Amino acid sequence: MKVIKITAIIFLFFLIASGCANENVQIKFDVDSNLRYCHNQAQRTLTEIGDTTLIPRNILKDQQHWNLYPAVIGEWTAGFWPGILWYVYENSKDEKIKASAIHYTELLYPLSKLPAYDHDLGFQLFCSYGNAFRLTGNGEYKQIILNAADTLATLFNPVVGTILSWPREVKPRNWPHNTIMDNMLNLEMLYWASKNGGNKELYNIATKHAETTMKNHFRPDNSSYHVAVYDTINGEFIKGVTHQGYADNTMWARGQAWAIYGYTVVYRETGDKKFLRFVEGVADKYLDNLPENEYVPFWDFNAPNIPNEPKDASSAAITASALLELSQLEDDEIRASKYKQAATNMLIELSSDKFQSGESKPSFLLHSTGHWPNKSEVDASINYADYYYIEALTRFKKYNSDN
Ligand code: GLY
């Protein structure tokens with residue numbers, strides 16, 4: 001009897017200890033100090049760029065200061081800087097940051113009045129006005145998002161069943177109807193609009209896009225193409241190719257991250273388990289192919305000179321944010337904790353001296369790769385890496401204080 005009792009006590013001790021070990025990894029990550037770091041860096045950026053109508057987009061490898069771009073049509077990253085400021089405001093309640101967030105958000109207003117140039121309208125207007133409405137409840141912002149969602153939907157082709165991503169590439173590349181994986185991120189604005197007073201058909205468009213993409217845009221091993229090309233007459237899938245990855249048959253790291261994030265949102269919005277089962281496969285493909293004991297991937301999982309290839313911190317930031325949400329939505333506890341742990345490991349690595357810019361530059365993160373085939377923004381600080389990093393920190397804080 002005594003032996004059984006002692007065995008039970010030892011078992012209980014190990015059970016509690018292993019539970020604590022799991023919790024400890026979460027607790028050891030100091031989310032508040034990293035959020036304070038983001039606040040400081042954003043203040044540095046505001047001081048550096050001064051009173052401007054330009055948007056900070058990148059700091060290249062050998063530079064120390066932001067390169068600024070106008071918030072015009074075609075500048076797909078324009079929504080991330082105001083979005084960053086909204087997240088900084090959400091966490092700090094700093095009214096000066098809020099005033100700047102409003103200023104940079106409202107610079108994007110003209111984009112809501114123009115015909116759709118490409119699918120990036122969601123990135124541009126939902127990261128900016130979407131966060132602005134979420135945090136202020138301003139009805140004018142809501143109307144702007146509803147208008148933008150209707151405009152984005154004009155690119156939907158019902159014969160194919162997806163949104164045309166790049167109208168400008170139809171002729172030069174002979175891609176009659178092209179859809180890029182990144183486009184999955186723009187569905188969130190359509191779902192939001194359909195549930196917030198907009199056209200209900202937007203929900204069906206978003207879901208059809210997700211279903212068609214699920215069918216054609218992935219290889220049997222769950223890795224994704226960057227671009228899917230379709231026939232506009234019969235709607236058939238013609239081929240999968242790359243644009244920003246290494247080759248047509250490789251796994252571009254940010255593309256796979258967009259897929260994980262996109263299908264997590266689609267599952268959240270539809271509650272359809274087929275999307276949950278699908279995103280698990282896509283996420284596992286990413287996690288199973290990370291470099292050993294590292295959580296930030298190389299820019300393409302199959303780039304030929306690994307480990308001597310640039311990393312892509314943006315891919316890890318997007319994935320960390322997505323996996324944190326996925327861990328909350330999971331119906332399988334083991335997977336939920338696996339995804340939470342993986343996201344935490346990504347955040348720990350991104351928050352290390354190796355990846356944080358620190359004093360050297362006013363961005364949050366170093367080592368993202370924008371467009372390796374064009375040799376542009378290679379090993380750089382880029383505003384979307386910072387956006388998804390602070391979004392992930394915000395989610396981490398929320399989920400760890402909710403539970
Ligand atoms: N949407 C373009 C990119 O991910 O670089």
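Just follow the structure's listing: the first ligand is 1, and inside any ligand the first atom is 1. Each residue takes its place number in the sequence, starting with 1. Everything numeric here is computed off the predicted structure, so don't read it as measured data.
Relative orientation of the Tyr230 and His177 rings is perpendicular, given thresholds of 30° and 60° on the angle between their planes. Note on ring orientation: taking the six-membered ring where Trp is involved, the planes of His243 and Trp175 are perpendicular (angle over 60°, cut-offs 30° and 60°). By the 30° and 60° cut-offs, the orientation of the rings of His217 relative to Tyr225 is tilted.
Proximity of His371 to ligand 1, defined as any heavy-atom pair under 4.0 Å, is not found for any part of the residue.
Between the side chains of Tyr191 and Arg268, not a single donor N or O lies within less than 3.5 Å of an accepting N or O.
Close contacts of ligand 1 with Trp258, meaning ligand atoms under 4.0 Å from a residue heavy atom, involve 4 (O). Heavy-atom proximity to Arg254, at under 4.0 Å, picks out these atoms of ligand 1: 3 (C), 4 (O), 5 (O). Within the listing of ligand 1, atoms 2 (C), 3 (C), 5 (O) sit less than 4.0 angstrom from a heavy atom of Gln244.
Under a 3.5 Å cut-off, the side chain of Glu349 and the backbone N or O of Tyr295 do form a donor-acceptor pair.
In this structure, Trp166 has no heavy atom closer than 4.0 Å to ligand 1.
Closest protein heavy atom to atom 1 (N) of ligand 1: Asp182 OD2, 2.6 Å.
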